[in-house]
Amino acid sequence: MAHGVTLIPGDGIGPEVIEAARRAIDATGVGIEWDRRDMGAGAFSRRGTPLPAETLASIRARGVALKGPVETPVTSGYRSVNLELRKHLKLFACVRPCKRYPGVPVVYDHVDLVVVRENLEDMYTGYEFEMGMEATKELITFIQGATGHRIREDSGLSIKSITEDGSERIARFAFELARAQGRRSVTAGHKANIMKFSDGLFLEVARRVAGDFPEIPFDDRIIDALCMQLVQAPERFDVLVLPNFYGDVVSELGAALIGGLGVAPGGHFGAGGLAIFEATHGTAPRLAGTNQANPVGVILSGAMLLRHIGEEEAGDRLEAAVAQVLAEGVHVAGDLRAAGDDRPPAGTFQVAEAVIERL
Ligand code: ATP
């Protein structure tokens, strides 16, 4: 029986890279019935909303989606349509594997990290207070009364909120992933020395959860030290678990370690196996419609999707075909051409065809 999967082409380079990935996934021979749905700026201009109810219903019904990047139109009333999607579907975990494949021009020989980012809390809860507004003044007065600290009136405030429940859920997710994938260790990133009651809570809960996984070594790093050590010696780390904001930054840092946004895959996970797979990159508007975008990030996200729906062998085969194309170094997109390498870059669809030929 075919697997039902929602397909969201999205905006910018989304339609090209998603089409390339869809072809590659289909070429594995796994039967997938794609349900193509709208989201983002294109959806907003066609249907008046960037997040149509039918799209959400399709993902809920199928439980899994492959998604391109989407743009949030300024006039849509949404701060971020991606955040809205994650909130609606309670996709609490973002997983970004950062694996270096031979042939990719980077300074590191060995990088094989998994960044597990909490997806719903922290600085992204949207408790924003604009400078000069009445509510902001009231909050300033309250904080001054409660803490004795004076806050200047020309302050804008963003509230960071981290819960015990949310920390427990993401820490457990990271350890279970580490166990399922036979990983070496889990490291938590935080700034608990400064933010004792938010990051401190996150760390305390992560330590507690670590006690339930005695076979997996656990340690932690202050986020600034973690970033430095990741650049110095990424091979020292394995699974990283981070609150939302640091997870956002470290995901892109991780992408840089393995060759950039063009090759970095990812997935968002919720309760009951609900999952949306998408590359780390955004809409890259300057590359849209030019057949220059690298589809590898989305194709590797497709390999994650295949494994998630129980098609491990096909997922492994797809990843191996991508690895072969990268190792050969002939059919690779322009973002993977090292300085001085004058060979012509391959287009989005040529890369996908090369992957398909090696399946
Ligand atoms: P957004 O606001 O949607 O995040 P953006 O252009 O600010 O879009 P990205 O889309 O993530 O951010 O891309 C930043 C840059 O990285 C792009 O301008 C492009 O040069 C490069 N890039 C991103 N994705 C790819 C890709 N798939 N292939 C090649 N280059 C890419």
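Order of appearance sets the numbers: ligands from 1, and atoms from 1 within every ligand. Just so it is clear, the structure is predicted and the values come from calculations on it, not from any experiment.
- Taking each of G297, P295, G282, A41 in turn, the one with a heavy atom nearest to atom 9 (P) of ligand 1 proves to be G282.
- Remark: the E71 side chain and the T283 side chain contain no N/O donor-acceptor pair separated by less than 3.5 Å.
- Under a 4.0 angstrom heavy-atom cut-off, V17 registers as lying outside contact with ligand 1.
- In summary, R184 and E235 do not engage in a salt bridge, as defined by a charged side-chain N under 4.0 Å from a carboxylate O.
- Heavy atoms from other residues, nucleotides or ligands lying under 6.0 Å from OH of Y127 number 12 at most.
- At least one N/O-N/O distance between A284 and ligand 1 falls below 3.5 Å.
- The proximity of I13 to ligand 1, defined as any non-hydrogen pair under 4.0 Å, is limited to the side chain.
- Remark: minimum distance from atom 23 (C) of ligand 1 to any protein heavy atom is reached at H281 CB, 3.7 Å.
- The closest side-chain donor-acceptor pair between N244 and K160, if any, does not fall under 3.5 angstrom.
- Each of the atoms 18 (O) of ligand 1 lies under 4.0 Å from some heavy atom of R286.
- Seen from the ring of F277, R22 does not count as a face-on cation partner, given the 6.0 Å and 45° thresholds.
- Scanning all protein heavy atoms for the shortest distance to atom 26 (C) of ligand 1 gives N294 N, 3.6 Å.
- One N or O on the side chain of S301 and one on the backbone of G297 form a donor-acceptor pair closer than 3.5 Å.
- Set against the non-hydrogen atoms of P285, the atoms of ligand 1 under 4.0 Å away are 6 (O).
- Under the 6.0 Å distance and 45° angle rule, R169 counts as a cation-pi partner of F92.
- Distance check for atom 7 (O) of ligand 1: every protein heavy atom is found at 4.0 Å or beyond.
- Those atoms of ligand 1 with a heavy atom of L261 less than 4.0 angstrom away are 11 (O), 13 (O), 14 (C), 16 (O), 23 (C).
- Surrounding CG of D26 are more than 12 heavy atoms belonging to other residues, nucleotides or ligands, all under 6.0 Å away.
- When distances from atom 28 (N) of ligand 1 to the protein are checked, a heavy atom turns up under 4.0 Å.
- In this structure, atom 21 (C) of ligand 1 has its sub-4.0 angstrom surroundings free of protein heavy atoms.
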(Q) Please evaluate residues T187 and D219 with respect to the criterion side chain to side chain donor-acceptor pair (under 3.5 Å), reporting the C-alpha separation (whole Å), side-chain torsions for both, the decisive distance (0.1 Å), and the verdict. (A) CA-CA 5 Å; T187 304; D219 60 2; 2.7 Å; yes

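- At a 3.5 angstrom cut-off on N or O pairs, T283 counts as close to ligand 1.
- The side chain of D335, and not its backbone, has at least one atom closer than 4.0 Å to an atom of ligand 1 (non-hydrogen atoms only; side chain from C-beta on).
- Under 4.0 Å is where a charged nitrogen must lie from a carboxylate oxygen, and between R47 and E54 at least one such pair does.
- Ranked by closest heavy atom to atom 19 (C) of ligand 1, the top entry among T72, L287, V70 is L287.
- Ligand 1 has at least one atom lying under 4.0 Å from a heavy atom of A293.
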